[in-house]
Trainee: 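The structure that follows is given in the form of structure tokens.
Lettering follows sequence order; numbering is per chain, from 1. The figures that follow rest on heavy atoms only: side chains count, while hydrogens, waters and symmetry mates do not.
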Number of protein chains: 2
Amino acid sequence: MSTPLSIKIDRSSPIPLYHQVAQGIEGAIRDGSLASGTRLENEIELAQRLRLSRPTIRKAMDDLVQSGLLVRKRGVGTQVVSSQIRRHLELSSLNDDLERAGKKPSTTLLSFEHIPAPEQIQELLSLPKDVSVYHFTRLRSAGGSPLALMENWVRDDIVELDEKSLRAHGLYELLRDAGVNFRLAQQRIGATIADDIQAKALDAEAGSALVTMQRTAVDDTGRNVETGSHVYRADAYSFEMTLVQR
Amino acid sequence: MSTPLSIKIDRSSPIPLYHQVAQGIEGAIRDGSLASGTRLENEIELAQRLRLSRPTIRKAMDDLVQSGLLVRKRGVGTQVVSSQIRRHLELSSLNDDLERAGKKPSTTLLSFEHIPAPEQIQELLSLPKDVSVYHFTRLRSAGGSPLALMENWVRDDIVELDEKSLRAHGLYELLRDAGVNFRLAQQRIGATIADDIQAKALDAEAGSALVTMQRTAVDDTGRNVETGSHVYRADAYSFEMTLVQR
DNA sequence: GAAGATTTCTTGTCAGGACAATTGGACAAG
DNA sequence: CTTGTCCAATTGTCCTGACAAGAAATCTTC
């Protein structure tokens, strides 16, 4: 019943042991050697076999349960969940998503300005009085066809932005390189109808469906770094997520 | 710097200690006695004061970090995150959502049938050959105005459904009462344009924006219990969520 | 054979301790 | 005044050990 499951543990690696275990199990699930519905070895046995403690194994499994790959049941065991598409809605950017998916995203900078924060933005970002913002709009395309129209505001006391770098790199990439560690984001997803301007930019018809997304991202020091309002062509993009009951 | 933070621990309670701690901290945050940005006592001190072990405290804080209420930083401490609206997207039904918002939802059953599963549904639910499904559409209204049009398929070997109970109760309520414990759901959110039928049902104009949501829910035994395809009036509903970096 | 009691298996909770890694500030050196 | 170094504070990781609770299988009894 219990699958063998060979995982290599490198105790000299800087990667935490529990994470090595989690990666090992996740890998086995993704490459199919652990099929959906399979029951895993029990925690104690696995711990002994890998010469790790049970809490370490549990921590690894906890993480996988959190991300929706495993299901545990007391008295029964741990199972691999049914084989759906298992992409988690993560704190990531569209750029990252597309690159992972193997598409080649390209970005056109439509406008760029460095201005005092409008009142609404100042509120959204909880800005001190003397902080200004960068405001810019970009068009993101994938595979040659336009996909998203993105309007963003970024506070200017954390990173210095200019048109050139924005043309060459994704926003989140630039922020990460500037030492910003994102921790949280609040976002809202809805729908709207394309107006003439949006339609023209996205090469769609006026009146066609768009997915809207507003997001405000917070870094590890508690600052609201960035807020943005994006619209996506509904026929080309949707948000997928796995919800986990806790 | 460290806030006193009084939490009552009841060791005779069936509620796990770590959960009592988490509830205590969460309560203090929500009622304002722990303001945003406040630094918490360090883990060891808090453990000693409550006469609990450090792992127990850590487990409590882990959960709160997961749900986006706290942020930890090694070498620094643990902080309450900024006072955004801290609602997170949970595994819940629209009915639950509305009840929390204080509105009074009402449901109209538009159609109901008990049929062999169409091929596509059979695939989505990973159904065995001999299992049929209930298929029904409902209109959900709040405050007298229509809000959502919901089409669902439920496998018939887990719960017995009929028109009467569906008129009286929410779907998730019925399933929970039948002993179904949900663990996961995969969902996709997008947008579309209202066609004539949808527009008429939702009391909107044809061509107006709709938010679409497809969801498949999995119970604790790994079965795909239910799948549904819902559309919401975009001017009345959107999905909010807090994403946490892991 | 069926119903109930018992045992066994597995995860859930909790304790206590040890050391590592990171951060920020204080302090010393240039 | 700037730079680098050290130190203290705090969370991160990992270990061992123990018992509780729920679920399923097995045994017992009628």
Side-chain angles (χ1 to χ4, degrees), chain A residues 1-3 5 9-23 25 38-66 70-81 179 181 183 219-222 245-246, chain B residues 1-3 7 9-23 25 38-66 70-81 179 181 183 219-222 245-246:
Chain A
M1 180 96 324
S2 51
T3 317
L5 185 61
I9 299 298
D10 176 7
R11 298 195 85 103
S12 68
S13 158
I15 299 172
L17 299 177
Y18 69 83
H19 201 246
Q20 292 185 37
V21 175
Q23 283 179 330
I25 297 176
T38 317
R39 246 192 47 222
L40 266 67
E41 268 177 284
N42 73 59
E43 298 171 352
I44 298 176
E45 197 180 309
L46 186 57
Q48 286 177 348
R49 207 159 55 75
L50 299 181
R51 305 196 190 287
L52 296 171
S53 72
R54 190 180 157 212
T56 301
I57 301 295
R58 268 188 78 76
K59 168 80 168 140
M61 289 189 173
D62 274 345
D63 289 354
L64 295 174
V65 168
Q66 264 314 305
L70 298 179
V71 170
R72 281 196 287 214
K73 255 181 115 178
R74 176 187 289 192
V76 180
T78 306
Q79 280 190 325
V80 180
V81 308
N181 298 307
R183 276 300 157 88
D219 79 352
D220 56 1
T221 63
Q245 182 77 300
R246 315 211 316 150
Chain B
M1 179 93 327
S2 49
T3 318
I7 294 176
I9 299 298
D10 176 7
R11 299 194 84 101
S12 67
S13 159
I15 299 173
L17 299 177
Y18 70 84
H19 200 246
Q20 292 185 39
V21 175
Q23 284 178 330
I25 298 176
T38 317
R39 248 194 43 220
L40 267 66
E41 266 177 285
N42 73 58
E43 299 171 351
I44 297 175
E45 196 179 310
L46 186 58
Q48 286 175 350
R49 207 160 54 74
L50 298 181
R51 305 194 191 286
L52 295 171
S53 71
R54 187 178 161 216
T56 302
I57 300 294
R58 267 188 80 75
K59 167 82 168 140
M61 290 190 170
D62 275 345
D63 289 354
L64 294 174
V65 168
Q66 266 312 306
L70 298 180
V71 170
R72 282 195 285 215
K73 248 182 126 178
R74 176 186 292 193
V76 180
T78 307
Q79 277 191 326
V80 180
V81 309
N181 299 306
R183 277 298 159 88
D219 78 353
D220 56 2
T221 64
Q245 182 75 297
R246 315 211 316 148

Trainee: Respond yes when some side-chain nitrogen or oxygen of B:Arg72 is under 4.0 Å from OP1 or OP2 of D:dG12, and no when none is.
Mentor: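 Checking D:dG12 against B:Arg72, a side-chain N or O does come within under 4.0 Å of OP1 or OP2.
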Trainee: Of all nucleotides in DNA chain C that come within under 4.0 Å of a heavy atom of chain A, which is furthest toward the 5' end and which toward the 3' end?
Mentor: C:dC9 to C:dT13
Trainee: Could you check how far NZ of A:Lys59 sits from P of D:dC14, rounded to whole Å?
Mentor: 10 Å
Trainee: Students often get this wrong, so: under 4.0 angstrom with heavy atoms, is A:Leu52 touching a base, only sugar-phosphate, or nothing?
Mentor: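 It contacts sugar-phosphate atoms only.
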Trainee: What is the distance from CD1 of B:Ile57 to C1' of D:dT13, rounded to the nearest Å?
Mentor: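 B:Ile57 atom CD1 is separated from D:dT13 atom C1' by 18 Å.
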Trainee: Find the distance B:Glu45:CD to D:dA9:C1' and express it as a whole number of Å.
Mentor: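 Rounded to the whole Å, the gap is 11 Å.
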Trainee: Whether the side chain of B:Arg54 and the base of D:dG12 hold a donor-acceptor pair under 3.5 Å is what I'd like checked.
Mentor: yes
Trainee: Does a side-chain heavy-atom distance below 4.5 Å link B:Arg58 with B:Arg72?
Mentor: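 SC-SC contact between B:Arg58 and B:Arg72 confirmed.
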Trainee: For D:dG12, does OP1 or OP2 lie under 4.0 Å from any side-chain N or O of B:Arg58?
Mentor: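 Affirmative; the distance criterion is met.
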Trainee: Would you check if A:Leu40 and A:Leu46 make a side-chain contact, meaning some heavy-atom pair closer than 4.5 Å?
Mentor: no
Trainee: Could you check how far CG of A:Asp63 sits from P of D:dG12, rounded to whole Å?
Mentor: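 Value for this atom pair: 13 Å.
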Trainee: Heavy atoms only: give me the nearest A:Asp63-A:Tyr18 pair and the separation to one decimal.
Mentor: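 Smallest interatomic distance, heavy atoms only, reads OD2-CE1, 3.7 Å.
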Trainee: Between B:Gln20 and B:Ile15, is there a donor-acceptor pair closer than 3.5 Å when you use the side chain of the first and the backbone of the second?
Mentor: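 Yes, the answer is positive, given that a donor and an acceptor are paired below the 3.5 Å cut-off.
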Trainee: Under a 4.5 Å cut-off applied to non-hydrogen side-chain atoms, are A:Arg11 and A:Leu17 in contact?
Mentor: yes
Trainee: In this structure, how many angstroms lie between the C1' atom of D:dA23 and the CG atom of A:Asn42, rounded?
Mentor: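 Distance, rounded to whole Å: 15 Å.
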Trainee: Find out whether B:Val71 and B:Val65 are in side-chain contact, i.e. whether some heavy atom of one side chain is under 4.5 Å from a heavy atom of the other.
Mentor: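 Of all side-chain heavy-atom pairs linking B:Val65 with B:Val71, none is under 4.5 Å.
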Trainee: Quick check: on DNA chain D, is the nucleotide nearest A:Val76 upstream (toward 5') of the one nearest A:Arg11, or the reverse? Name the residue that is more 5'.
Mentor: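 Whichever sits nearer the 5' end wins; that is A:Arg11.
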Trainee: Compare every heavy atom of B:Ile7 with every heavy atom of B:Leu50, then report the nearest pair and how far apart it is.
Mentor: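 Residues B:Leu50 and B:Ile7, closest heavy atoms: CD2-O, 3.8 Å.
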Trainee: Output the rounded distance in Å from CD1 (B:Ile44) to C1' (D:dA8).
Mentor: 13 Å
Trainee: Within residues 13-20 of chain B, which residues have any heavy atom lying less than 4.0 Å from an atom of DNA chain C?
Mentor: B:Pro16, B:Leu17, B:Tyr18
Trainee: When the nearest nucleotide of DNA chain D is assigned to A:Arg51 and to B:Gly75 on a heavy-atom basis, which residue is associated with the more 5' position?
Mentor: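 Upstream on the strand: B:Gly75.
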Trainee: With nearest nucleotide decided by heavy atoms, which residue, A:Pro55 or A:Thr78, maps closer to the 5′ end of DNA chain C?
Mentor: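 Going by which nucleotide is closer to the 5' end, it is A:Thr78.
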Trainee: Taking the minimum atom-to-atom distance to the side chain of B:Glu43, which one of D:dA21, D:dA23, D:dG12 wins?
Mentor: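 Within the option list, the nearest is D:dG12.
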Trainee: Could you give the distance from CG (A:Asp62) to CG (B:Asp62), rounded to the nearest 0.5 Å?
Mentor: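 It comes to 8.5 Å.
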Trainee: Determine the minimum heavy-atom distance between A:Ala60 and A:Ala22, stating which atoms define it.
Mentor: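 Shortest heavy-atom contact: CB-N, 3.8 Å.
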Trainee: Can you check the A:Gln79 CD to D:dA23 C1' distance for me, whole Å?
Mentor: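 Rounded to whole Å, this separation is 13 Å.
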Trainee: Nearest-Å distance, CE (B:Met61) to C1' (D:dT10)?
Mentor: 11 Å
Trainee: Phosphate oxygens OP1/OP2 of D:dT13: is one of them under 4.0 Å from a side-chain N or O of A:Thr56?
Mentor: no
Trainee: Can you see which heavy atom on B:Arg39 is nearest to which on B:Val76, and at what distance?
Mentor: NE-O, 3.7 Å
